[in-house]
Amino acid sequence: LAGNRALVPGASGLSVFDITTPNAPVFLGRYQQPLGGIQFYHATPSTPLTYVAARDDGIYVLNVANTPPALVAVHDEGTRSFEGLLLDGTLLYVATHDDGLRIYDVTNPSSMTLTGSLGGFSNAWALDKQGSTVLVADAGGGLKVVDVSNPAAPALLATAPTSGAAQDVVWKGNQAYVACGRFEVFWEINLHPWDVAAGTLIVREAGGTVTAFSGRPFCEFGVVALAV
């Protein structure tokens with residue numbers, strides 16, 4: 001979200017919606033990558049310029065004040081894979097799969113320059129920032145805490161292990177919410193109705209799904225259950 005606009009990256013492009021009326025979003029336009037085959041993954045919630053990560057195909061700089069959005073520049077570093085992005089003033093913080101955290105000066109959006117970097121990560125996916133500290137979701141490397149008070153020399157402060165591969169992070173107040181790429185499943189056979197009736201109700205009211213192994217609707221008088 002960037003003000004009253006929603007920026008939605010996807011297959012070969014970025015769509016822009018006016019969400020002044022949230023229950024009636026209005027499509028404003030789409031930047032379509034001419035050659036196709038390039039997936040856009042993350043976009044900075046910023047206007048008039050937004051920065052979009054396209055993994056191995058670089059960082060796209062788009063002017064979303066235009067309708068449709070217009071291409072300003074493409075920053076490509078060959079095989080480097082760009083994933084999560086965060087814009088703070090004239091500095092762009094980027095999580096890269098192979099090279100950890102990289103910080104770019106985007107004073108000139110058409111020619112961004114590297115300010116500093118920190119390697120030694122497992123597989124950086126996403127990041128969030130408060131003040132002079134950046135949190136990085138580092139897949140199997142857990143949650144990394146990085147001091148960026150000197151952007152030219154970011155320093156690792158701590159690592160917090162996660163029970164799954166850390167793939168995204170949101171920092172709210174004094175808590176970090178980490179998406180760990182996992183889900184919970186329960187399965188059982190030779191069941192009776194009294195074994196599953198209460199549990200089925202709890203799972204369904206919590207938004208979960210209970211089915212037979214075949215994927216068909218679960219019947220309490222069946223003998224097999226799968227809950228996700």
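These numbers come from a predicted model, not from an experiment.
- Here the side chain of Thr96 pairs a donor or acceptor atom with the backbone of Asp99 at under 3.5 angstrom.
- For the ring-ring contact (aromatic ring centres under 6.0 Å, His included) test, no residue two or more places apart in sequence or in another chain qualifies with Phe121.
- Judged by the 6.0 Å distance and 45° axis criteria, Arg55 is positioned over the aromatic ring of Tyr41.
- The CD1 atom of Ile59 sits 5.5 Å away from atom CG of Leu85, with the distance rounded to the nearest 0.5 Å.
- Val64 and Phe27 end up in different hydrophobic clusters when Ile, Leu, Val, Met, Phe, Trp and Tyr side chains are linked at under 4.5 Å.
- Once rounded to the nearest 0.5 Å, the distance linking CH2 of Trp171 with OH of Tyr177 reads 13.0 Å.
- In this structure, Leu14 and Ala43 approach most closely via the heavy-atom pair CD1-CB, 4.1 Å.
- Here the two rings, on His75 and Tyr104, have centers that are under 6.0 Å apart.
- Across all their heavy atoms, Ala124 and Val136 have their closest contact at CB-CG1, 3.8 Å.
- The minimum heavy-atom distance linking Thr67 with Leu28 is given by the pair CG2-O, 2.5 Å.
- Taking the centre of each ring, Tyr51 and Tyr60 stay at or above the 6.0 Å mark.
- No salt bridge links Arg80 with Asp98; every basic N to acidic carboxylate O contact stays at or beyond 4.0 Å.
- Taking every heavy atom of both residues into account, Val16 and Pro69 meet most closely at CG2-CG, 3.6 Å.
- Using a 4.5 Å heavy-atom cutoff, the side chains of Thr133 and Val146 are not in contact.
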Under 3.5 Å, side-chain donor or acceptor atoms of residues 107-120 against the rest of the protein: list the pairs with distances, not counting sequence neighbours.
{"residue": "Thr107", "atom": "OG1", "partner": "Asp105", "partner atom": "OD1", "Å": "2.5"}
{"residue": "Asn108", "atom": "OD1", "partner": "Ser110", "partner atom": "N", "Å": "3.1"}
{"residue": "Thr115", "atom": "OG1", "partner": "Asp105", "partner atom": "N", "Å": "3.4"}

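- At a threshold of 4.5 Å between side-chain heavy atoms, the hydrophobic network of Ile, Leu, Val, Met, Phe, Trp and Tyr places Val74 and Ile38 in one connected group.
- The same ILVMFWY cluster, assembled from side-chain heavy atoms under 4.5 Å apart, contains both Val72 and Val94.
- Between Leu86 and the choices Leu92, Leu91, Thr44, Asp128, the side chain to side chain contact (heavy atoms under 4.5 Å, CB included) rule is met once, by Asp128.
- Identified under the ring pair (Phe, Tyr, Trp, His ring centres under 6.0 Å) test for residues 124-146, with sequence neighbours left out: His97-Trp125.
- Here Arg102 contributes atom CZ and Phe82 contributes atom CZ; the two are 6.5 Å apart, rounded to the nearest 0.5 Å.
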Quiz item: Stepwise, does the side-chain contact (heavy atoms from CB on, under 4.5 Å) test hold for Val26 with Phe17?
Solution: CA-CA 5 Å; Val26 178; Phe17 295 84; over 6 Å; no

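- Within the 3.5 Å criterion, the main-chain N or O of Pro68 finds no donor-acceptor partner in the side chain of Asn66.
- Val145 and Val178 end up in the same hydrophobic cluster when Ile, Leu, Val, Met, Phe, Trp and Tyr side chains are linked at under 4.5 Å.
- Under the 3.5 Å distance criterion, the side-chain polar atoms of Ser46 are matched with a main-chain donor or acceptor of Leu49.
- A donor-acceptor distance shorter than 3.5 angstrom exists from the side chain of His42 to the backbone of Glu83, with no hydrogens or angles considered.
- In terms of heavy atoms, Ser122 sits closest to Asp138 at N-OD2, 2.8 Å.
- Closest of all the heavy-atom pairs between Leu101 and Leu127 is CD1-CD2, 3.7 Å.
- Looking at Arg5 and Ile19, their side chains never come closer than 4.5 Å, going by heavy atoms from C-beta outward.
- At least one side-chain heavy atom of Leu62 sits less than 4.5 Å from a side-chain heavy atom of Leu71.
- Using a 3.5 Å distance cut-off with no hydrogens or angles, the side chains of Arg30 and Ser15 do pair a donor with an acceptor.
- Side chain to side chain, Asp18 and Thr20 meet the donor-acceptor criterion of an N or O pair below 3.5 Å.
- A 4.5 Å side-chain heavy-atom check between Ile103 and Val148 finds at least one atom pair inside the cut-off.
- Looking at heavy atoms from C-beta onward, Leu87 lies in side-chain contact with Val106 at the 4.5 angstrom threshold.
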